[in-house]
Chemist: 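This is the structure I have questions about; it appears just below.
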Amino acid sequence: MDIPRIFNISESAHRIHNPFTPEKFATLGNVLRMEPGTRVIDLGSGSGEMLCTWARDFGITGIGIDMSQLFSTQAKKRAEELGVAGSVDFIHNDATGYVADEKCDVAACVGATWIGGGVTGTIELLTKSLKPNGIILIGEPWWRQLPPTEEIAKSCGATSISDFLTLPEFVSSFDKLGYDIVEMVLADQEGWDRYEAAKWLTMRRWLEANPNDDFAKEVRTQLTIWPERHVTYTREYLGWGVFALMAR
Ligand code: SAH
């Protein structure tokens, strides 16, 4: 069981697999007023940077579930490196339908809401692991500018314009679901560069090391296309952020 290989290659050197920077995750932990012992579950935890740094900086405990074998291994290593392996646990698994044994203070899905079939389904899933009055964290893109055509939406990596909302629409969608937005931290274009541009050198180095791999042609194609696509579309049209929600 694993995610498509292109991600395991292009994001193999990433600590954070979305447009957030270490500073943004630190801000998020601070504004949520994390305290020692706060229990956090993270579905699609990637290489574990959020849980590991929050364990180091705020003394949280947590569990992360991720379907990438590589990212899960990296998460465990990172926990050891930061001296928090006793506080955070990483499980390599499909997080679809995953519910924690022990209820959590914070339940997060940061950039992987397909796990619950979309934002609404992911909120429902996370709620099953959450204590009453706990906080749900959703990390998700939104349109900075509405793409004028479906083709442009596809060039941003979406399947359709309807995949995402504008920021005001997205914020009011939580209201309609019966949630208070109690905090939000938004990524910026610099964050998008850290996420997207950081793939390019990784892919280039991978190509040099693996010229005869069956997958080299695919990686070569992506490395040729992605930089221009990023500056023309993703960077301009897509916003991203983490939204903290509490049920009314
Ligand atoms: N939250 C992390 C990773 C976001 S990228 C971070 O902020 O860095 C999306 C992650 O979802 C990837 O790590 C990918 O491996 C994982 N993923 C994709 N499908 C999944 C599934 N069905 N179950 C668990 N993890 C999944």
Side-chain angles (χ1 to χ4, degrees), residues 1-29 32 40-57 60 62-79 81-82 88-100 104 106-119 121-126 128-129 135-141 157-159 163-164 184-188 191-199 202 234 238-244:
M1 178 209 337
D2 215 319
I3 59 171
R5 197 173 172 207
I6 189 69
F7 300 111
N8 283 325
I9 293 172
S10 62
E11 298 186 28
S12 60
H14 283 51
R15 278 203 179 127
I16 298 171
H17 304 267
N18 67 54
F20 251 26
T21 56
E23 293 76 25
K24 295 281 181 184
F25 269 132
T27 300
L28 184 62
L32 293 175
V40 184
I41 182 168
D42 189 11
L43 303 186
S45 44
S47 298
E49 194 67 2
M50 182 179 85
L51 288 181
C52 290
T53 54
W54 284 2
R56 177 194 62 192
D57 300 340
I60 64 128
I63 176 171
I65 296 93
D66 199 279
M67 206 159 88
S68 163
Q69 172 83 62
L70 174 71
F71 300 167
S72 306
T73 305
Q74 290 179 166
K76 283 189 187 165
K77 276 198 196 128
R78 186 70 173 144
E81 198 176 288
L82 297 187
V88 288
D89 206 8
F90 292 100
I91 298 170
H92 172 227
N93 208 342
D94 185 344
T96 309
Y98 191 92
V99 178
C104 298
V106 176
C109 181
V110 178
T113 54
W114 55 86
I115 286 172
V119 171
T122 298
I123 291 173
E124 278 167 22
L125 174 60
L126 291 171
K128 294 180 185 166
S129 296
I135 292 179
I136 288 176
L137 298 181
I138 294 287
E140 183 77 357
T159 60
D163 282 5
F164 307 123
M184 68 173 197
V185 178
L186 303 183
D188 54 23
W192 273 114
D193 296 342
R194 287 306 85 238
Y195 177 45
E196 295 294 338
K199 297 174 187 174
T202 305
T234 315
L238 268 186
W240 200 89
V242 178
F243 300 83

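Counting starts at 1 for both ligands and their atoms, following the listed order.
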Chemist: Is the distance between the ring centroids of Y195 and W240 under 6.0 Å?
Modeler: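 No: the rings miss the under 6.0 Å criterion.
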Chemist: Who are the residue neighbours of ligand 1 when the rule is a heavy atom under 4.0 Å from any of its atoms?
Modeler: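 For ligand 1, the residues that come within the 4.0 Å heavy-atom cutoff are I3, I16, H17, N18, F25, G44, S45, G46, D66, M67, S68, F71, N93, D94, A95, T96, V110, G111, A112, W114, I115.
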Chemist: Checking side-chain polar atoms at under 3.5 Å, does T159 have a donor or acceptor matched by the opposite partner on D163?
Modeler: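 Yes, a side-chain donor-acceptor pair sits under 3.5 Å.
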Chemist: Is any side-chain N of the basic residue among E81 and R15 closer than 4.0 Å to the acidic one's carboxylate O?
Modeler: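 Salt bridge flag = yes for R15 with E81.
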Chemist: Residues in salt bridge (Lys or Arg N to Asp or Glu O under 4.0 Å) with E196, at least two apart?
Modeler: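 Result, salt bridge (Lys or Arg N to Asp or Glu O under 4.0 Å) vs E196: K199.
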Chemist: Report yes or no: do S68 and D66 form a side-chain donor-acceptor pair below 3.5 Å?
Modeler: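 No, D66 and S68 have no side-chain donor paired with an acceptor closer than 3.5 Å.
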Chemist: Would you please classify the geometry between the H14 ring and the H17 ring as parallel, tilted or perpendicular, with 30° and 60° separating the classes?
Modeler: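 Rings of H17 and H14: parallel, as their planes differ by under 30°.
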